[in-house]
Amino acid sequence: MNFTKRTVTCGALTAADVGKTVILNGWVHRDRNHGALHFINLRDRYGITQVVVDDSASEELQKAAAALKMEYCIAVTGVVRKRPDNMINKDMATGEIEVQAQKIEILSKCETLPFMIDEETTANEDLRLKYRFLDLRSGGMQKRIRLRHEFIKAIRDFLCDKDFYEIETPTLIRSTPEGARDFLVPSRKYAGKFYALPQSPQLYKQLLMVSGFDKYFQIARCYRDEDARGDRQLEFTQLDLEMSFVQRDDVLSLMEELFGYVFKRTMNYELPAHFRRIDYFDAMNTYGCDKPDLRFECEIKDLAPIVEKSTFEAYKQILADKGFVKAVVAPATEGFDMTRKYLDSLAEAAKVYGASFVPFIKVGENHALSGSAAKYFTGLEEELCSYLGAKNGDVILMVAHNNWKKCCASAGALRSKLGKDLGLIKPGFAFCWIVDFPLFEYNEEEGHWEAAHHMFSMPQAKFIDTLEQNPGEVRGDLYDMVVNGYECASGSIRIHDVELQKRIFRICNFTDEEAEKKFGFLLNAFKYGPPPHGGIAPGIDRMVMIMSEQSSIKEAIAFPKNSFAVSPMDDCPNDVDQKQLEELHLAIKYPK
RNA sequence: GGGAUCUUGGUGAAGCUGGUUAUCACGCCACCCUGUCACGGUGGAGGCCACGGGUUCGAGCCCCGUAGAUCUCGCCA
């Protein structure tokens with residue numbers, strides 16, 4: 001096809017180009033027609049350039065300009081000229097110049113838009129996804145997709161400089177038990193058999209270690225057939241990474257260096273040389289979750305010592321039953337009233353995680369207490385306030401539960417909501433490591449232990465001899481990287497010993513025969529000189545979401561699915577032909 | 001599977017304790033305009049207020065149901 005091909009992009013021209021004849025290709029972003037003077041903002045991925053058609057233009061050119069509508073794709077031939085001094089637009093990269101059009105060619109027309117192409121699209125998400133190709137034209141989406149590209153490029157540059165190999169692993173793999181639900185792919189050649197899409201390249205990267213590729217990474221697509229969330233899609237991208245002959249701190253240091261480099265390069269943001277390391281139990285007790293947002297304080301305190309002395313019988317009973325009582329102090333905040341209604345909304349947030357009610361105490365002058373639970377602490381006013389560091393105007397919120405995790409999580413929900421609502425969150429990026437996770441957790445429904453992380457993580461040395469005696473006490477060489485309250489990477493030092501691996505399978509209720517059948521290829525490989533190894537896998541989409549200060553992972557993905565795992569644009573998932581089903585030896589049994 | 005919130009011209013919103021002609025901004029169409037840059041001005045078109053029932057003299061508003069959306073609990077090694 002013949003068209004007038006661009007000689008420059010819409011972001012390139014400066015005062016240095018004045019006098020040049022240029023050709024621009026792009027979309028009509030804004031169109032300001034003053035009759036005999038007509039401005040057209042022409043946009044492409046690189047920027048926006050102002051095109052002018054004035055009364056010196058031929059009648060034909062003026063007509064062509066008048067026919068333009070928003071988002072027409074056009075070619076403009078013209079001469080770069082400096083704008084008059086008082087007409088320079090300092091907010092535009094190309095604001096010093098404009099292009100005086102000599103010829104305008106319409107490359108393609110555009111129907112009336114379903115929504116405006118702005119910096120950020122305000123239309124509801126369903127419509128944005130249906131017209132994702134238009135939504136992606138917005139300034140915000142363009143920036144985020146660019147950031148994602150630069151982020152991945154910086155990762156590749158950094159790791160390749162460190163002698164890592166980028167190696168691809170299969171996306172049609174065998175389905176393995178445990179973990180998330182697999183996406184299955186039916187086999188045509190083998191009736192009744194299936195491939196699975198990988199939840200992660202976990203086993204392959206371990207096998208690569210056995211093969212001697214001692215520094216591996218991959219920008220890997222992963223698939224988990226679970227319900228979506230704000231920060232979770234069923235299809236997502238990880239930086240999958242593994243190294244041989246390393247210990248935990250080697251992996252953590254590498255990540256600190258990597259993210260320091262990447263944040264500096266892509267955002268000119270300085271990260272600390274080392275990220276704080278927090279023991280899993282400390283994180284739960286202090287922040288109420290294993291992915292704390294460290295951009296604000298508002299720490300959770302154990303209230304048991306004070307409650308013991310109080311007359312709060314309901315809570316004392318919970319403590320007597322080996323339960324837990326925790327408190328969060330909502331700091332007095334200018335312009336924010338702790339109304340009854342707001343306190344109720346806090347209680348609702350905590351109840352989601354198991355708290356049955358949330359007593360509160362308002363602190364007045366000289367430790368005067370009021371509120372639903374104040375009466376139980378008569379005589380303890382000063383002690384309570386100094387223990388919690390509560391001052392005049394603060395509100396003390398309490399939660400209790402027989403279950404430690406639920407007590408922590410309820411308090412964590414309070415902390416989290418207060419951080420957002422009271423504006424306690426400081427700008428920036430707060431990285432930390434959560435370390436020493438328990439290796440196993442008990443599955444009440446199934447009635448056996450299972451891996452908290454996955455079955456290939458190394459128990460810490462001091463537990464190895466006595467794993468079976470009390471699996472709940474065993475801590476693993478596990479680590480999560482957390483940023484601003486999001487789990488952004490998860491990793492571990494792996495097991496590389498056949499016997500130890502078999503013991504872990506047994507604790508997780510796999511017989512030797514089952515383990516051999518399902519993981520035999522890994523156990524077999526471990527017979528042939530496997531190196532000590534470990535790794536980590538940061539989530540790319542989630543990092544880009546956080547870096548661009550978004551709260552939805554969809555903002556970091558070009559073509560995401562909606563919350564019901566549907567793509568409204570191409571209407572997927574969709575029906576397939578009966579013939580396809582027959583080739584795959586499948587029959588559909590519809591639910592009632 | 002559960003919970004919360006929501007659904008009003010193409011888009012985003014307003015619409016109070018139910019009251020007659022459903023309001024505003026952007027967009028769209030027509031015309032005017034020589035320095036705009038989210039241009040401005042004048043005029044115009046465009047709505048069974050998601051769908052189906054119910055209460056009422058009267059429903060965008062109240063009640064019930066259905067569908068869809070967003071967030072969330074469970075789930076996510």
Side-chain angles (χ1 to χ4, degrees), chain A residues 29-43 48-57 62 66 69-71 83-92 94-95 98 100 110-131 134-135 139 176-182 198-200 202-203 222-234 236 345 348-349 351-354 406 409-410 413 416 437 439-441 443 445 450-457 476 478 487 490-492 504 508 519 537 539 551-552 554 562-564 566 568:
Chain A
H29 186 64
R30 290 287 188 277
D31 182 23
R32 295 179 296 282
N33 189 349
H34 296 232
L37 183 68
H38 193 159
F39 298 102
I40 298 145
N41 279 3
L42 195 65
R43 185 197 73 240
I48 292 176
T49 298
Q50 175 165 286
V51 173
V52 191
V53 178
D54 59 26
D55 62 352
S56 71
Q62 294 200 25
K69 296 185 202 304
M70 253 194 264
E71 297 301 313
R83 297 193 191 185
D85 282 346
N86 55 334
M87 298 304 157
I88 287 173
N89 186 340
K90 291 195 182 88
D91 298 329
M92 264 174 102
T94 61
E98 60 196 5
Q100 184 169 25
C110 177
E111 291 189 1
T112 300
L113 295 162
F115 48 75
M116 289 282 285
I117 312 290
D118 272 318
E119 189 56 25
E120 293 293 348
T121 309
T122 52
N124 79 57
E125 202 165 84
D126 206 31
L127 196 68
R128 288 180 61 196
L129 292 183
K130 181 166 181 189
Y131 290 94
L134 289 180
D135 187 33
T176 50
E178 296 273 299
R181 202 173 290 116
D182 276 330
Q199 296 178 28
S200 85
Q202 182 63 34
L203 296 176
C222 305
Y223 306 85
R224 293 176 191 177
D225 189 5
E226 300 291 350
D227 289 351
R229 282 288 183 285
D231 63 350
R232 210 165 81 193
Q233 283 266 304
L234 64 174
F236 62 101
S345 76
E348 286 306 313
K351 283 175 187 171
V352 170
Y353 291 88
K406 286 184 176 171
S410 301
S416 185
F437 285 83
L439 198 62
F440 302 103
E441 56 192 28
N443 185 328
E445 281 174 33
E450 59 188 24
H453 184 68
H454 60 52
M455 291 187 290
F456 314 105
S457 296
L478 294 159
E487 180 198 314
S490 192
S492 64
I504 300 286
C508 295
F519 300 105
S551 55
S552 167
K554 299 180 194 113
N562 70 9
S563 68
F564 284 88
V566 166

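The chains referred to below are lettered A, B, ... by the order of the sequence lines, with proteins before strands, and numbering in each begins at 1. What you see below is based on every heavy atom in this structure, not just the backbone, and it leaves out hydrogens, waters and symmetry mates.
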Would you mind reading off the distance between A:D54 atom CG and B:C33 atom P, rounded to a whole angstrom?
16 Å
A:R232 CZ to B:C73 C1', in whole Å, measures 11 Å
[X] side chain, from C-beta outward: closest of [options]:
{"X": "A:E226", "options": "B:U72, B:U11, B:C76", "value": "B:C76"}
{"X": "A:V352", "options": "B:U70, B:U36, B:U72", "value": "B:U72"}
{"X": "A:A180", "options": "B:C76, B:G68, B:U36", "value": "B:C76"}
{"X": "A:R32", "options": "B:U36, B:U70, B:C75", "value": "B:U36"}
{"X": "A:P114", "options": "B:U72, B:G10, B:C37", "value": "B:G10"}
{"X": "A:D126", "options": "B:C73, B:A69, B:G35", "value": "B:A69"}
{"X": "A:S563", "options": "B:U11, B:C71, B:G35", "value": "B:C71"}

With heavy atoms under 4.0 Å as the rule, sort [X] into base, sugar-phosphate or nothing.
{"X": "A:K554", "answer": "sugar-phosphate"}
{"X": "A:L127", "answer": "sugar-phosphate"}
{"X": "A:T121", "answer": "nothing"}
{"X": "A:Q50", "answer": "base"}
{"X": "A:N124", "answer": "sugar-phosphate"}
{"X": "A:F564", "answer": "sugar-phosphate"}

Side chain to side chain contact (heavy atoms under 4.5 Å, CB included) filter on A:D31, not counting sequence neighbours, yields A:V28, A:H38, A:I40
Quiz question: going by heavy-atom distance under 3.5 Å, is there a donor-acceptor pair between the base of [N] and the side chain of [X]?
{"X": "A:R224", "N": "B:C76", "value": "no"}
{"X": "A:E98", "N": "B:G35", "value": "yes"}
{"X": "A:N89", "N": "B:C37", "value": "yes"}

Check ion pair A:R30-A:D118 (N to O, under 4.0 angstrom):
yes
I'd like to know if A:R43 pairs up with A:E71 as an ion pair, taking the criterion as any Lys NZ or Arg NE/NH1/NH2 lying under 4.0 Å from an Asp or Glu carboxylate oxygen.
yes
With respect to the phosphate group of B:G68, does any side-chain polar atom (N or O) of A:K130 fall under 4.0 Å of OP1 or OP2?
no
So, does A:N86 get its side chain near the phosphate of B:G35, meaning an N or O under 4.0 Å from OP1 or OP2?
no
List every contact pair, protein side and nucleotides 22-28 of chain B side both N or O, where the distance is under 3.5 Å.
none

Check the geometry between A:F39 and B:U36 and answer yes if their rings are stacked (centres below 5.5 Å, planes below 30°), otherwise no.
yes
Decide, applying a 5.5 Å centre-distance limit and a 30° plane-angle limit (both strict), whether A:H34 stacks on B:C39.
yes
What residues, two or more places apart in sequence or in another chain, satisfy salt bridge (charged side-chain N to carboxylate O under 4.0 Å, His left out) together with [X]?
{"X": "A:R181", "value": "A:E226"}
{"X": "A:D182", "value": "none"}
{"X": "A:K554", "value": "A:E125"}

Output one line per pair: protein atom, nucleotide atom from nucleotides 40-45 of chain B, and distance, for all N/O pairs under 3.5 Å.
none

Mind checking whether A:I504 and A:F456 have side chains closer than 4.5 Å, heavy atoms only?
no
